[in-house]
There are 4 protein chains.
Amino acid sequence: MVEHLTADKRTLILQTTLDLMTEYGFHATPISLIAQHAGIGAGTIYRYFDNKEHLINELFTEIKKRVIKAMLQDYREEGTFKERFKHLWKNLIRYCIDHPKEFQFVEQYRYAPFVSNMTREETFIILAPIMQFFIESKRAKAMKDLPLYTIIALLYGPIVSLAKLHLDHNQQLTNDRLEQAAEACWDAVAYKSEE
Amino acid sequence: MVEHLTADKRTLILQTTLDLMTEYGFHATPISLIAQHAGIGAGTIYRYFDNKEHLINELFTEIKKRVIKAMLQDYREEGTFKERFKHLWKNLIRYCIDHPKEFQFVEQYRYAPFVSNMTREETFIILAPIMQFFIESKRAKAMKDLPLYTIIALLYGPIVSLAKLHLDHNQQLTNDRLEQAAEACWDAVAYKSEE
Amino acid sequence: MVEHLTADKRTLILQTTLDLMTEYGFHATPISLIAQHAGIGAGTIYRYFDNKEHLINELFTEIKKRVIKAMLQDYREEGTFKERFKHLWKNLIRYCIDHPKEFQFVEQYRYAPFVSNMTREETFIILAPIMQFFIESKRAKAMKDLPLYTIIALLYGPIVSLAKLHLDHNQQLTNDRLEQAAEACWDAVAYKSEE
Amino acid sequence: MVEHLTADKRTLILQTTLDLMTEYGFHATPISLIAQHAGIGAGTIYRYFDNKEHLINELFTEIKKRVIKAMLQDYREEGTFKERFKHLWKNLIRYCIDHPKEFQFVEQYRYAPFVSNMTREETFIILAPIMQFFIESKRAKAMKDLPLYTIIALLYGPIVSLAKLHLDHNQQLTNDRLEQAAEACWDAVAYKSEE
DNA sequence: AATGAATGAGATTTCATTCAT
DNA sequence: GATGAATGAAATCTCATTCAT
């Protein structure tokens with residue numbers, strides 16, 4: 001029971017931080033405000049996180065893990081490459097759209113100097129299955145023979161842009177539109193047998 | 001003459017701010033540091049900008065204008081739609097890569113709450129020629145009949161991603177790779193007569 | 001039995017406090033650190049001491065008692081005044097050198113405002129035998145007719161200085177040197193029949 | 001004029017700190033209190049001192065310099081060794097008595113962990129003339145052949161003790177008593193031709 | 001116009017103490 | 001009796017902004 005409450009308090013702090021940081025930004029979100037909104041003492045936050053920077057980093061890392069997990073949800077290494085691609089792609093953008101605060105938070109602090117990036121190795125390990133998929137797709141001549149980084153940019157870039165436009169301009173991203181966009185993304189990387 | 005000196009000092013402040021903010025981030029860039037690096041008094045900055053927030057906004061707006069200008073550089077409304085697209089697209093990514101600080105600054109603070117979004121109208125006016133180009137391309141069945149926002153995302157998203165990967169991971173973006181990527185982007189939006 | 005365990009825990013707290021305070025100083029020795037090093041809960045300390053200030057004071061008083069006791073160790077009111085003096089003097093400096101933490105603690109916090117001075121009466125009662133010895137020495141024309149406070153200063157002052165120099169500069173205080181110093185101290189207060 | 005005011009403000013901060021620290025101690029003397037008593041803003045203190053620790057250290061160093069200067073006041077390398085000794089000794093204790101706050105401050109924080117001791121070299125350079133005097137006195141068989149550290153302890157120790165007793169117990173230290181004590185101190189270190 | 005010393009509000013963080021378990 | 005999670009008052013320190021020069 002106590003275990004449970006403790007876990008809840010950590011989660012509570014992270015969730016409150018996410019809510020306030022996406023609304024007000026890092027500057028306008030003092031620890032005292034987080035404590036107040038979470039209904040706890042300011043000092044309590046320091047029992048769970050060393051300092052504000054660590055709190056942000058933990059939140060960052062947690063969200064990244066959730067995003068990766070969501071992207072791989074129900075993913076099976078079967079079906080055509082295109083089908084598999086669209087599954088991953090839609091999983092990802094759907095999560096971004098369904099969790100706007102997490103998406104906004106990651107995008108906003110992605111390059112902030114106080115966010116210690118996961119090491120390149122960490123990122124590679126986590127994204128290994130995806131990378132593997134791209135490599136196989138290229139080998140099978142399902143995808144163009146483009147550098148991995150170019151492929152990532154061609155597929156991930158539009159997700160970020162679409163999600164941002166969605167958030168900024170209240171554009172409705174219906175399933176049809178997502179389907180269209182996924183198709184277009186595939187066209188960008190799909191192997192073209194004859195020109 | 002005084003006008004001229006004044007303009008210089010304003011530019012100096014903006015440039016120094018850009019340098020420091022991209023290196024240290026918003027937090028670690030107090031007004032006093034900007035003043036010191038610019039070789040002027042802290043109070044002087046307040047003769048050119050109302051406060052720190054306005055300074056950031058002005059810098060933001062200036063950079064945006066430069067980006068738009070760079071994108072339209074040497075653009076002529078002639079040639080095929082594909083050629084015209086690739087001209088715009090390459091102009092844009094080239095500017096991002098050649099001006100990493102400006103790119104990083106805009107990306108980093110794009111969604112910070114203290115950056116007042118340009119009104120939608122402003123954006124539309126500035127981007128009108130581009131939008132017009134997309135509309136014409138669709139009408140001419142050179143581009144797929146996708147929503148404007150989807151088209152923007154499909155073309156602009158990869159630019160941001162590629163530039164970030166370039167900056168983060170020191171990937172060389174040779175002209176060949178840019179050409180490849182531009183081709184792929186076009187494939188994403190290009191009209192496909194038969195499937 | 002419970003009494004016994006209780007006494008042990010009290011002693012444990014005092015000893016741990018002494019260790020940490022001499023190493024890190026008052027500031028860097030929070031109650032939580034004492035508890036941690038003592039292997040007990042922070043709250044437990046408050047069952048033995050009203051608050052941090054009282055804890056320090058208790059430690060202070062305990063050490064003072066030990067110092068007095070050590071000084072009077074094996075002291076007999078027989079032999080010449082000089083012999084009796086040297087016995088007391090050597091006992092005292094030996095204790096300071098053999099218990100550097102206690103010495104350092106008392107010296108460091110002797111004049112700190114949060115240490116409530118023992119009342120003058122307390123000090124007089126505890127030091128009564130010593131004072132009595134000085135009075136007798138003066139009456140017997142073994143010591144100069146100096147005010148008591150001057151005598152104390154002439155004899156106690158060098159002990160503190162020697163012990164500090166010993167601790168600070170790692171000077172070896174051999175028995176020979178202590179003997180020398182004791183002799184010199186006696187010269188300071190010894191009655192001089194003719195000048 | 002501005003120069004003068006600036007110097008005054010630094011001095012004002014140091015003096016106010018000395019007053020409050022000797023009265024309330026380090027803990028009970030927050031920066032805000034110093035600022036308030038000095039009639040300045042709290043932030044202003046940080047223009048003159050990096051942080052609280054540096055402030056204390058500066059105060060410490062300044063006082064030490066004043067003490068050394070006072071001790072050497074009107075000192076001439078002429079007259080008998082005893083006369084010269086008594087001049088130095090009286091200068092020193094007189095300064096301690098006349099500047100009780102400075103004396104108390106130095107004694108109180110002498111061994112606090114946050115006080116960075118002057119390096120041994122610094123101390124040696126400053127005290128070189130004194131040391132030289134002791135060495136000459138020994139060579140001339142005016143002083144006993146004791147280790148330097150023992151001599152220092154025999155002469156400096158009583159000064160500290162007397163000054164403390166004076167401060168603590170409001171003992172009047174008349175010139176007669178100082179003269180007595182100086183004589184006694186000299187007896188401690190004076191060469192004894194025959195025993 | 002330019003300066004930069006001074007300000008003080010407000011941020012982060014610590015830690016003595018309490019109290020439910 | 002013992003614990004240690006939680007508290008929140010209070011400390012240190014920063015920095016956007018002002019204003020006398």
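First the proteins, then the strands, lettered A, B, ... as listed; each starts at 1. Atom set for the values below is all heavy atoms of this structure, side chains included, hydrogens, waters and symmetry mates excluded.
Annotation: of the two residues near DNA chain E, N51(C) and A42(B), the 5′-most nearest-nucleotide partner is A42(B). Of the two residues near DNA chain E, F26(C) and G41(D), the one whose nearest nucleotide lies more 5' is G41(D). Ranked by how close their nearest DNA chain F nucleotide is to the 5' end, G43(C) and G43(A) are led by G43(C).
Remark: side-chain polar atoms of Y109(C) are paired, donor with acceptor, to backbone N or O of F26(C) under 3.5 angstrom. In terms of modelled atom types and a separation under 3.5 Å, the side chain of K101(D) and the main chain of Q15(D) share no donor-acceptor contact.
Closest approach of A38(D) to T16(D), counting heavy atoms only: CB-OG1, 3.7 Å.
With a 4.5 Å cut-off on side-chain heavy atoms, I40(D) and K9(D) count as touching. Proximity of L18(A) to L14(A): side-chain heavy atoms (C-beta onward) are nowhere separated by under 4.5 Å.
Contact check, T44(B) against dT3(E): a side-chain N or O comes under 4.0 Å of OP1 or OP2. Under 4.0 angstrom from either OP1 or OP2 of dA1(E) there lies no side-chain N or O belonging to K9(B). Residue Y48(B) places at least one side-chain N or O under 4.0 Å from the OP1 or OP2 atom of dA2(E).
Look at OH on Y24(D): it is 17 Å from C1' on dA11(F), rounded to the nearest Å. The CD1 atom of I45(A) sits 10 Å away from the P atom of dT7(F) (whole-angstrom rounding). Across the protein-nucleic acid pair, Y46(C) atom OH and dA16(E) atom P stand 6 Å apart, rounded to whole Å. Counting to the nearest Å, the P atom of dG4(E) and the CG atom of L33(B) are 15 Å from each other. One can place CD1 of I31(C) at 17 Å from P of dC19(E), the figure rounded to the nearest angstrom. Across the protein-nucleic acid pair, H27(A) atom NE2 and dC15(F) atom P stand 10 Å apart, rounded to whole Å. Put simply, CG on D50(C) is 14 Å from C1' on dT18(E), counting in whole angstrom units. L20(B) has its CG atom 13 Å from the P atom of dC15(F), to the nearest Å.
Comparing dA2(F), dA11(E), dA16(F) against the side chain of K52(B) picks out dA16(F) as the nearest.
Pair check for dG8(F) finds dC15(E); Watson-Crick or G-U wobble, both atom distances under 3.5 Å. Look at dA20(E): its Watson-Crick or wobble partner, with both distances under 3.5 angstrom, is dT3(F). Pairing of dA1(E), defined by two Watson-Crick or G-U wobble distances under 3.5 Å, is not identified with any nucleotide.
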